[in-house]
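Below: one structure, written as structure tokens.
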Amino acid sequence: MAQAVAVAKPPAPPRRRRASATPRRLPYLLIAPAALLMLGFIAYPVISVFYYSLQNYNPTKPWRNGYAGFDNFVHAFTDDPIFWDTLTFSAKWVFVEVGLQLMFGLALALIVNQTFVGRSLGRALVFSPWAVSGVLTSAIWVLLYNSQTGITRYLADMGIGTYGTSWLSDTSTVFSAAIVADLWRGVPFFAILILADLQSVSKDLYEAAEVDGASRFKQFWHITLPHLKDAIVLSTLLRAVWEFNNVDLLYTLTGGGPAGETTTLPLYIANTSVDAHNFGYASALTTVAFVILLFCSVIYLRLSKFGSESK
């Protein structure tokens, strides 16, 4: 008798499960805490500033508080000469600082990009001032500018200048002294960003240029600068915004003096809010500064064609 052969049935196909929505939502759930923190610490203060810019708000004079409309803005543009003086000085400060920092930062980046003995130590020394805070930078330069123990004392010993000279209290020298102090901290910022972009330039381009007989200047002008365009545009924009909002260094170094010679618009805003307790007017000035920075940033990016391929 033939033995019956049992034929195994093929296993049933697994039941298709509905795709869970949790994996797709997981990235949003993970970034939700950070987004909420940013909303609380950034968005809320910004909205509050816009709100108080339309108010008369002074805690020391509560009977005058209330809705002001655009009176604070009208007062700033028509009846406050200090606003225009500080805005003019802020523009001068940003233009001079960013221009000099870019020039020296580019030169330093080109130098430390070369191969030489002790390059790592040289880079560390060049970049170290960027790690120093603004207040500590001010303290260092206040000591250097001290009329009794600083630079002017040693210059007077060599017959240059007179004893007791203070560059920070003289209206003819305070701007240059503040510029030098901030250069010491700001130049490494450009050097770091430009050096990072320099290291991505292909060496073959320079070798081909040398074969064609191009000089060092032509290699720099036609190879290096076009490659560094976006890095320069971005670094100058970031640094311009930073310098415009510079408060810590100038406040610690000069306090806005002498005679208001080094008072920037943000420093004037800080004095108006903290010292005068006029938070409504300070909020209006902050809003004006925000609009100015936003407008200038957009125009600068459009004119520089940031992100476009250079031809």
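Note that the structure is predicted; figures quoted are calculated from it, not measured.
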pair [X]-[Y]: side-chain heavy atoms closer than 4.5 Å:
X: D248; Y: N246; answer: yes
X: L249; Y: W141; answer: no
X: T252; Y: V142; answer: no
X: P266; Y: S90; answer: yes
X: N58; Y: R64; answer: no
X: L238; Y: F189; answer: yes
X: K218; Y: I223; answer: no
X: L110; Y: L198; answer: yes

Near [X] [atom1], under 6.0 Å, is it more than 12 heavy atoms from other residues, nucleotides or ligands?
X: Y51; atom1: OH; answer: no
X: M38; atom1: CE; answer: no
X: F50; atom1: CZ; answer: yes
X: R216; atom1: CZ; answer: no
X: F279; atom1: CZ; answer: yes

Output yes when a side-chain donor or acceptor of [X] lies under 3.5 Å from a complementary backbone atom of [Y], and no otherwise.
X: D182; Y: A178; result: no
X: N245; Y: V241; result: yes
X: K61; Y: H277; result: no
X: S176; Y: T173; result: no
X: T263; Y: G256; result: yes
X: Q219; Y: A214; result: yes
X: N72; Y: S53; result: yes
X: T86; Y: Y268; result: no
X: Y281; Y: T272; result: no
X: R123; Y: V112; result: yes

Rounded to the nearest 0.5 Å, what separation is found between the [atom1] atom of [X] and the [atom2] atom of [Y]?
X: S202; Y: D204; atom1: OG; atom2: CG; result: 4.0 Å
X: F73; Y: D80; atom1: CZ; atom2: CG; result: 13.5 Å
X: R24; Y: L29; atom1: CZ; atom2: CG; result: 12.5 Å
X: Q101; Y: I179; atom1: CD; atom2: CD1; result: 8.5 Å
X: L265; Y: D85; atom1: CG; atom2: CG; result: 11.5 Å
X: L30; Y: R25; atom1: CG; atom2: CZ; result: 14.0 Å

Identify the two heavy atoms, one from [X] and one from [Y], that lie closest to each other, and give their separation to 0.1 Å.
X: Q114; Y: R119; answer: O-CD, 2.8 Å
X: P188; Y: V126; answer: CG-O, 3.2 Å
X: V233; Y: S304; answer: CG1-OG, 3.4 Å
X: L108; Y: A191; answer: CB-CB, 4.3 Å
X: A177; Y: L168; answer: CB-CD2, 3.9 Å
X: S147; Y: T152; answer: CA-OG1, 3.6 Å

- Should the pair W221 and F217 be assigned to parallel (<30°), tilted (30 to 60°) or perpendicular (>60°) ring geometry?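 Answer is parallel, since the angle falls under 30°.
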If hydrophobic clusters are built from ILVMFWY residues whose side chains come within less than 4.5 Å, do [X] and [Y] share one?
X: I140; Y: L125; value: no
X: I82; Y: F244; value: yes
X: L193; Y: F127; value: yes
X: F290; Y: Y300; value: no
X: L253; Y: L143; value: no

- Aromatic ring proximity Y57/Y52, centre distance under 6.0 Å: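 When the ring centroids of Y57 and Y52 are compared, they turn out to be within the sub-6.0 Å range.
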- Message: Just checking W130 against W242, ring centres under 6.0 Å apart?
- Response: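 Distance test on ring centres: under 6.0 Å, yes.
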- Query: Passes side chain to side chain contact (heavy atoms under 4.5 Å, CB included), Y206 versus V201? Steps please.
  - Reply: CA-CA 9 Å; Y206 295 104; V201 183; 3.4 Å; yes
- Could you go step by step and tell me if V94 and F89 meet the side chain to side chain contact (heavy atoms under 4.5 Å, CB included) rule? CA-CA 9 Å; V94 170; F89 176 77; over 6 Å; no
- Message: Applying side chain to side chain contact (heavy atoms under 4.5 Å, CB included) to V288 and L285, what does each step give before you reach the verdict?
- Response: CA-CA 5 Å; V288 172; L285 294 178; 5.5 Å; no
- Message: Applying the side chain to side chain contact (heavy atoms under 4.5 Å, CB included) criterion to I269, which one of V274, T286, V247 satisfies it?
- Response: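 Of the listed options, the one satisfying the test is T286.
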- Query: Do the numbers put R239 on top of the ring of F190, so that NZ or CZ is under 6.0 Å from the six-membered ring centre and no more than 45° off the axis?
  - Reply: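 Because its charged atom misses either the 6.0 Å distance or the 45° angle limit, R239 does not stack over F190.
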- Query: Can Y67 and Q55 be said to form a side chain to side chain contact (heavy atoms under 4.5 Å, CB included), step by step?
  - Reply: CA-CA 5 Å; Y67 180 72; Q55 306 290 323; 3.6 Å; yes
- What residues form a ring pair (Phe, Tyr, Trp, His ring centres under 6.0 Å) with F77, not counting sequence neighbours?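 Result, ring pair (Phe, Tyr, Trp, His ring centres under 6.0 Å) vs F77: F83, W84.
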- Show your working on side-chain hydrogen bond (donor to acceptor under 3.5 Å, both in side chains) between T254 and T262 and close with a plain yes or no. CA-CA 7 Å; T254 66; T262 58; 2.7 Å; yes
